[in-house]
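If you're wondering where the values come from, they're calculated on a predicted model, not measured in any experiment. The figures that follow rest on heavy atoms only: side chains count, while hydrogens, waters and symmetry mates do not.
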Amino acid sequence: GYIKKNRSNLTQAVSTVSSEVFENKTATILQNSLYGLFPGLYAKQNVGWHAEATLNVRGRGGLGDGTPLIIVDGFPRSLNTITLEEVETMSVLKDGAATALYGARGANGVILLTTKRGAYNSFDVDINYKHGFTLPVNKPEMADAYTYARAMNEALYYDGLAPMYSESDLNAFRNQTSPDIFPNVNWVDEGTRSMGENNQLNLLVRGGGSKLRYMGLFDYKNDFGLLNEKYTEYTDRYKSQIRSYDMRLRMNIDVDLTSSTQMQFGIVGVLNESKRPDETIGTIFENLYKVPSAAFPIKTSNDLWGSNLLHKMNPLAVIADQGYYQTNWRKLEANMRITQDLSMLLKGLKAEAAIAYDNTATFWQEGSKTYSYEVISYSDETGKVGTVYNDNPQYVVNIGSGSNKVLEQTIRSNWEVKLGYDRAWNNHQLSVSALYRQEMEESLGVNSSWYRHSLMGMASYNFRNKYMVDVVANRYGTSVLLKGDKFRFYPAVSAAWVLPNEDFLKDRSFVDLLKLRLSYGRSAVDNLAYGLGKHYWSSLREYYFGDSNTEVSGYLERKIPMRSLELETADKYNIGLDVQLFKKLSFTADMYYDKRSNILVSNNKVSGMIGIDVPQQNVGKVESKGLELSLGWNDKIRDFRYYINGNVSFMDSKVLENGEGYQPYDYLYAKGHKVGQAFGLEAVGYFRDEEDIRKSPVQTFSTVRPGDVKYKDMNGDGEINEFDRTVIGGDKPTCYFGIDLGFE
């Protein structure tokens, strides 16, 4: 972040991984290469097209999603413009002493990433190509029409209803004598192919001379989805395969303007095009799974798409004949930093100034149409009758008009100035700096802009490389707080003791590093909505006056405004141990405690008889604590290098206050449990027979029959209802571990 240190004199809890690790990864998405690499960084795999892992630092911390702040080359940015090949280092800032540097944005942890830069008097060219396959996993076997029809009849029988299909109907499904009326379609197999594929090619050029250094990266990726090409290329007018194309160019330049003045410049541009049928990807696959094989044919004997009056759509026609939806994503990120050595004025004095400008926009284009489908019915009186719907389909290409052409757009502008003093004399080293920073982020829409100011002082003192202390004082302001009350103070202090530099360990040459760390720091989260302190009225009601009840329009008072507003605040405590032996074995241990307060929650403790919506309140409290251990062995025998690194994290959390209202039974409260604790009915078995049902508590949710699930009567009132919900599990694990091993 704003403090540069090496591992031996670092007093904060920071985990770092360098470029060599990422160069060996095969993921095409950076977030999906982070599993198990960092102690304390939890990566949760997600499912879906181009799904990125969800990242948390030391859990969620509060009651929100716990999304960490991402800093790329010194400025808040996302990871979705970064390729594995351009990563120089990635660091995870975990304790309060490190996250206090980011004030009202640091409470959920900070991930710092630096991209590669050039080097003096060198020239390097790296070319990489990857070809990958996308395979569907956990794909269920779908029932054929005959099996489905028999199962439907059986279900109706146990519900006391007449069967839907006769024996002759079942035979028709099995023999496929009349596919218009008795079809048999495996929609999943028909609509998908066995695998998709992707390609990635990048070219990285890196080098420099005596005064100028550069790094350039060109990267191209494409990805093709799992839909059956028989339907995605159904028409010559468009192709509707799920696919994306991505091209990006990054350039980092460093110039020595003078012997005391350096300039860094970086720019990255991204062009992305994504295409799919004119239906969301989730709905496309939902359609394939929810339509029974016996519902209707793919196409009728009249060569029209099949359907029925229940679904009113055809899963394969949605892919093939409903049009397409295309988005074009554009991103430009640019930053410049100038560093000026001021030793001519005062030895050790240095000044920095930096500015960044980012612009992201997504445009859309849609080719939409309807398709004709035929619903076929049959009766003994009329025989087979087909009815055509949408018999005059239209095809329209829409690229939007005016502001509707842009789906989303975000502009970010940041700048900072820093003055630092760094001197060493005798047994002492002192580093002092002051920094002022402004951040602006504006998106389309109302109340979607953020403005932030930070005035920060930092000081580091090192005595004989044995005892180290760091202090941070950060006055941070954010626009979401109420007028006249925008700023908060975020302090931090951390200290370290390096034992090998003590006299009693100087002769232990195998001990490369043995360091104890202690830290405390405060940070916050400012992802609040605007308008919480405003009083709103709306003209939504009429009032009646006088003997004749004359109707008079008036205004209705909305939610009561908040008179004071706080940010979710994290006070973090950490104790750590860093060990390195024989220049091969490394070990790190951290114990931490995170106390969250002022969390904004709903106020459910006020009776509805007040007659108006009550404001939220800053009363939420959560505590988290945990232990992180990492152990690594890195060795080289001649030309053979091998490594094995493992880490394990234990984490627990407890909701101390969440604003929930009165509950008639203690087991209904979420307070006192883990963050994200799941509640539901506790299953205790199955109903054996009717006698078992009569002797068991009455289920108020539905009529039960033998074989149905039996639930526990938590309050013993003889009924199973909403008052019998209890703890049934949590959404976050308490243990997370990873192993990274390899050789070269």
Side-chain angles (χ1 to χ4, degrees), residues 1-4 30 67-83 86-91 93 98-99 101-106 110-118 213-217 219 248-255 257 261-272 329-340 350-362 408-420 433-444 448-456 458 474 476-479 526-527:
Y2 306 108
I3 300 175
K4 296 180 181 180
L30 176 61
T67 302
L69 174 65
I70 308 296
I71 302 292
V72 178
D73 288 337
F75 297 96
R77 286 165 175 164
S78 67
L79 295 178
N80 59 10
T81 61
I82 308 296
T83 64
E86 63 191 302
V87 177
E88 182 67 42
T89 62
M90 180 179 286
S91 299
L93 279 56
T99 59
L101 297 167
Y102 296 91
R105 304 190 70 182
V110 182
I111 297 177
L112 302 181
L113 185 143
T114 61
T115 57
K116 293 177 179 176
R117 310 197 73 84
R213 300 165 306 283
Y214 57 86
M215 188 282 289
L217 174 78
D219 182 79
R248 65 192 68 205
L249 178 66
R250 179 183 294 276
M251 179 63 71
N252 288 341
I253 297 175
D254 298 69
V255 183
L257 299 177
T261 308
Q262 290 185 336
M263 182 189 75
Q264 291 183 336
F265 176 76
I267 187 169
V268 58
V270 183
L271 303 176
N272 173 275
W329 181 57
R330 306 285 186 260
K331 172 173 278 194
L332 174 69
E333 295 178 343
N335 54 267
M336 183 175 67
R337 183 179 299 272
I338 295 179
T339 304
Q340 177 64 54
K350 182 184 290 188
E352 290 184 29
I355 188 170
Y357 174 82
D358 303 344
N359 193 325
T360 304
T362 303
E408 57 184 36
Q409 184 173 17
T410 301
I411 296 175
R412 295 185 180 92
S413 176
N414 307 307
W415 65 272
E416 65 182 47
V417 291
K418 179 182 176 183
L419 185 65
S433 57
L435 180 139
Y436 178 74
R437 183 183 182 94
Q438 279 195 12
E439 298 179 13
M440 179 275 288
E441 179 179 331
E442 293 183 346
S443 300
L444 294 178
S448 57
S449 300
W450 278 263
Y451 302 88
R452 302 175 175 101
H453 289 214
S454 177
L455 179 60
M456 181 165 51
M458 298 162 282
N474 190 354
Y476 197 102
T478 177
S479 59
D526 70 345
N527 56 349

TODO: Examine the side chains of Glu88 and Thr115 and answer whether a donor and an acceptor come within less than 3.5 Å of each other.
DONE: no
- [ ] Indicate whether any N or O donor in one side chain lies under 3.5 Å from an N or O acceptor in the other, for Thr410 and Ser443.
- [x] yes
Open item on the list: Evaluate Leu435 against Val417 for side chain to side chain contact (heavy atoms under 4.5 Å, CB included), listing each step before the verdict.
Closed with: CA-CA 6 Å; Leu435 180 139; Val417 291; over 6 Å; no
How close do [X] and [Y] get, counting heavy atoms only, and between which atoms?
{"X": "Arg213", "Y": "Val255", "result": "NH2-N, 4.4 Å"}
{"X": "Asp526", "Y": "Arg105", "result": "OD1-CG, 4.2 Å"}
{"X": "Ala356", "Y": "Asn335", "result": "CB-CB, 3.8 Å"}
{"X": "Arg437", "Y": "Asn414", "result": "NH2-CB, 4.5 Å"}
{"X": "Ser454", "Y": "Asn474", "result": "OG-OD1, 2.8 Å"}
{"X": "Pro68", "Y": "Ile111", "result": "CG-CD1, 4.0 Å"}

Just verifying a value: how many Å separate [X] [atom1] and [Y] [atom2], rounded to the nearest 0.5 Å?
{"X": "Leu69", "Y": "Leu112", "atom1": "CG", "atom2": "CG", "value": "8.5 Å"}
{"X": "Asn252", "Y": "Leu217", "atom1": "CG", "atom2": "CG", "value": "9.5 Å"}
{"X": "Lys350", "Y": "Lys418", "atom1": "NZ", "atom2": "NZ", "value": "8.5 Å"}
{"X": "Leu249", "Y": "Asp219", "atom1": "CG", "atom2": "CG", "value": "10.0 Å"}
{"X": "Ile355", "Y": "Ser413", "atom1": "CD1", "atom2": "OG", "value": "5.5 Å"}
{"X": "Glu416", "Y": "Met456", "atom1": "CD", "atom2": "CE", "value": "8.5 Å"}

- [ ] Let me see the working for Asp254 and Phe265 under side chain to side chain contact (heavy atoms under 4.5 Å, CB included), right down to the final yes or no.
- [x] CA-CA 6 Å; Asp254 298 69; Phe265 176 76; over 6 Å; no
[Y] and [X], any side-chain heavy atoms less than 4.5 Å apart:
{"X": "Gln264", "Y": "Arg117", "value": "yes"}
{"X": "Leu419", "Y": "Ser433", "value": "no"}
{"X": "Ile411", "Y": "Asp358", "value": "no"}
{"X": "Arg330", "Y": "Val270", "value": "no"}

Open item on the list: I'd like to know if Glu442 pairs up with Arg412 as an ion pair, taking the criterion as any Lys NZ or Arg NE/NH1/NH2 lying under 4.0 Å from an Asp or Glu carboxylate oxygen.
Closed with: no
Task: Evaluation steps, side chain to side chain contact (heavy atoms under 4.5 Å, CB included), between Ile82 and Arg250 - done: CA-CA 9 Å; Ile82 308 296; Arg250 179 183 294 276; 3.2 Å; yes
Task: Residues Leu455, Tyr476; criterion side chain to side chain contact (heavy atoms under 4.5 Å, CB included); working and verdict - done: CA-CA 6 Å; Leu455 179 60; Tyr476 197 102; over 6 Å; no
Open item on the list: Go through it in stages, so that I can follow the logic: the residues are Glu333 and Lys331, the test is salt bridge (charged side-chain N to carboxylate O under 4.0 Å, His left out), and I'd like the CA-CA distance, side-chain angles, deciding distance and then a yes or no.
Closed with: CA-CA 7 Å; Glu333 295 178 343; Lys331 172 173 278 194; 3.5 Å; yes
- [ ] Would you confirm whether Thr261, through its side chain, and Leu257, through its main-chain N or O, come within 3.5 Å as a donor-acceptor pair?
- [x] no
- [ ] Measure from the side-chain N and O atoms of Ser479 to the backbone N and O of Tyr451, and report whether any donor-acceptor pair falls under 3.5 Å.
- [x] yes
Open item on the list: Measuring centre to centre across the rings, with the benzene-like ring taken for any Trp, is Tyr436 within less than 6.0 Å of Trp415?
Closed with: yes
Task: Residue that, paired with Val72, satisfies side chain to side chain contact (heavy atoms under 4.5 Å, CB included) out of Leu113, Thr114, Val87 - done: Leu113
Task: Neighbour count >12 (heavy atoms, 6.0 Å) for atom CE, Met336 - done: no
TODO: State which residues pass side-chain hydrogen bond (donor to acceptor under 3.5 Å, both in side chains) with Thr81; sequence neighbours excluded, sorted by chain then number.
DONE: none
